[in-house]
Amino acid sequence: MVAVNFSKVHKHYGNLQALRGVDFEIPKGSFFGLLGPNGAGKSTLINIMAGLVRATQGNVRILGYDVRHQWRQARQALGVVPQELAIDPFFTVREILRLQSGYFGHGRENQAWLDELLETLSLSDKANTNSQQLSGGMKRRVLIAQALVHKPPVVVLDEPTAGVDVELRQALWSFTKQLHKNGHTIILTTHYLEEAESLCDQIAILNHGQLIALDTKNALLARYPYRLLRLSLSNPDVILPSALQDKVQSFVKSELVLRLHRDNDQIGAILDSLRAANIQFVDLHTEEPGLEEVFVSLTSGARRT
Ligand SMILES: Nc1ncnc2c1ncn2[C@@H]1O[C@H](COP(=O)(O)OP(=O)(O)OP(=O)(O)O)[C@@H](O)[C@H]1O
Ligand SMILES: [Mg+2]
């Protein structure tokens, strides 16, 4: 079953091509990471899903409903936590949730769920506070509650942890995991790649408005053919043998990190060439690459304008 279907989606803002034929599906029940550098087009794609931005070409379906021609059903199926902290300034937190709930056709019968949201997001004591008097982190929580008033099966979080403290971040993740466990499809954008790595089972990477990777997290990690060898040198003032120079990932003070090809580089041979150059080290260990290495290797390179 498919939660979201993007079909040849293009978006032009004047001369700027924000999306260039994005075409993929998000499986129902997945915890899906939508990643990409600043300006890649993630929020544009999300805003098209939410009906806030209109695609120049192509279409998007949420649970089979076309966002343009069946926008009511599509909107009912979707809850979006926007990247911007845009919040109505004239209402209290509870009023905001009630209004949103009414917008989706709910009345008093939904009150228990709204109270539960306030409780779970630690907003109960702010329920009657005017939204203008909230801190950034609290506004973020209100936006999350607002996105969930109608219990949407598909939940999109556009950088929910930007500018959020450690405690709230952890609370957000356990809340999001719970939603996923309860059967919601979760779509997440974040620049914290360790978070995406630990949470998401499927990952898409956008770059310059195009999909450049779409895979399970494990397959994506396996695609990167390197692991890292981290060495603490006894003396940082050394000249590396030329055979090792192109393997340097980083060399800061006495901390040397080499990138070893899984098949072609043998640790024994590397250590032999260090010894031959009379380079001593006090510690070494190897590391498997993370999503960050994969992401950088896929998205670095010449920028297109
Ligand atoms: N309303 C708009 N008018 C004109 N250009 C826009 C508009 N919204 C976005 N863009 C441009 O479209 C491109 C994609 O922007 P978008 O916000 O979708 O990127 P993003 O992947 O969400 O980036 P970030 O990680 O910074 O949030 C950027 O070049 C941006 O400047
Ligand atoms: Mg964005």
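Atoms within a ligand are numbered from 1 in the order they appear, just like the ligands themselves. Everything numeric in this text was worked out from a predicted model, so none of it was measured.
For atom 30 (C) of ligand 1, no protein heavy-atom neighbour is found at a distance under 4.0 Å.
Atom 9 (C) of ligand 1 has its closest protein heavy atom at Tyr13 CE1, 3.5 Å. Closest to atom 26 (O) of ligand 1 among all protein heavy atoms lies Asn38 ND2, 2.9 Å. If you check which protein heavy atom lies closest to atom 17 (O) of ligand 1, you get Ser43 CB, 3.7 Å.
Residue contacts with ligand 1 for Leu16 involve side-chain atoms from C-beta outward but no N, CA, C or O (heavy atoms, distance under 4.0 Å).
A salt bridge links Arg230 with Glu255; the closest basic N to acidic carboxylate O contact falls under 4.0 Å. Between Asp158 and Lys42, no side-chain nitrogen of the basic residue sits less than 4.0 Å from a carboxylate oxygen of the acidic one, so the salt-bridge criterion is not met. The residues Glu288 and Arg262 are annotated as salt-bridged, a charged nitrogen and a carboxylate oxygen being separated by less than 4.0 angstrom. Between Arg259 and Asp246 there is no salt bridge, since none of the side-chain N atoms of the basic residue sits less than 4.0 Å from a carboxylate O of the acidic one.
Residues Val4 and Met49 are in side-chain contact: their nearest non-hydrogen atoms beyond the backbone lie under 4.5 Å apart. Under the 4.5 Å side-chain criterion, counting only non-hydrogen atoms from C-beta, Ile270 is in contact with Leu244. The side-chain heavy atoms of Ile186 and Leu179, taken from C-beta on, include a pair separated by under 4.5 Å.
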**Report entry** Test log, rule salt bridge (Lys or Arg N to Asp or Glu O under 4.0 Å), inputs Arg94 and Asp115
**Finding:** CA-CA 9 Å; Arg94 190 184 291 284; Asp115 285 336; 2.9 Å; yes
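For the atom pair CG (Leu19) and CD (Gln57), the distance works out to 11.5 Å, reported to the nearest 0.5 Å. Rounding to the nearest 0.5 Å gives a distance of 9.5 Å between CG of Leu214 and CD of Glu25.
Those atoms of ligand 1 with a heavy atom of His191 less than 4.0 angstrom away are 25 (O). Here is the list of ligand 1 atoms found below 4.0 Å of a heavy atom in Thr44: 14 (C), 15 (O), 16 (P), 18 (O). Atom numbering of ligand 1 starts at 1 in the shown order; those under 4.0 Å from a heavy atom of Ala18 are 12 (O), 13 (C). Listed by atom number, the atoms of ligand 1 under 4.0 Å from Gln83 heavy atoms are 27 (O).
Under a cutoff of 6.0 Å and an axis angle of 45°, Lys11 and Tyr13 form a cation-pi pair. Geometric assessment of Arg169 against the ring of Tyr192 yields a positive cation-pi assignment under the 6.0 Å and 45° thresholds.
Scanning Gly36, Gly14, Ala162, Gly39 for the heavy atom closest to atom 14 (C) of ligand 1 points to Gly39.
Within the 4.0 Å heavy-atom cutoff, Lys11 does not count among the residues contacting ligand 1. Using a non-hydrogen distance threshold of 4.0 Å, Gly41 registers as a contact of ligand 1.
Protein N/O/S atoms nearer than 2.8 Å to the Mg ion (ligand 2) total 2.
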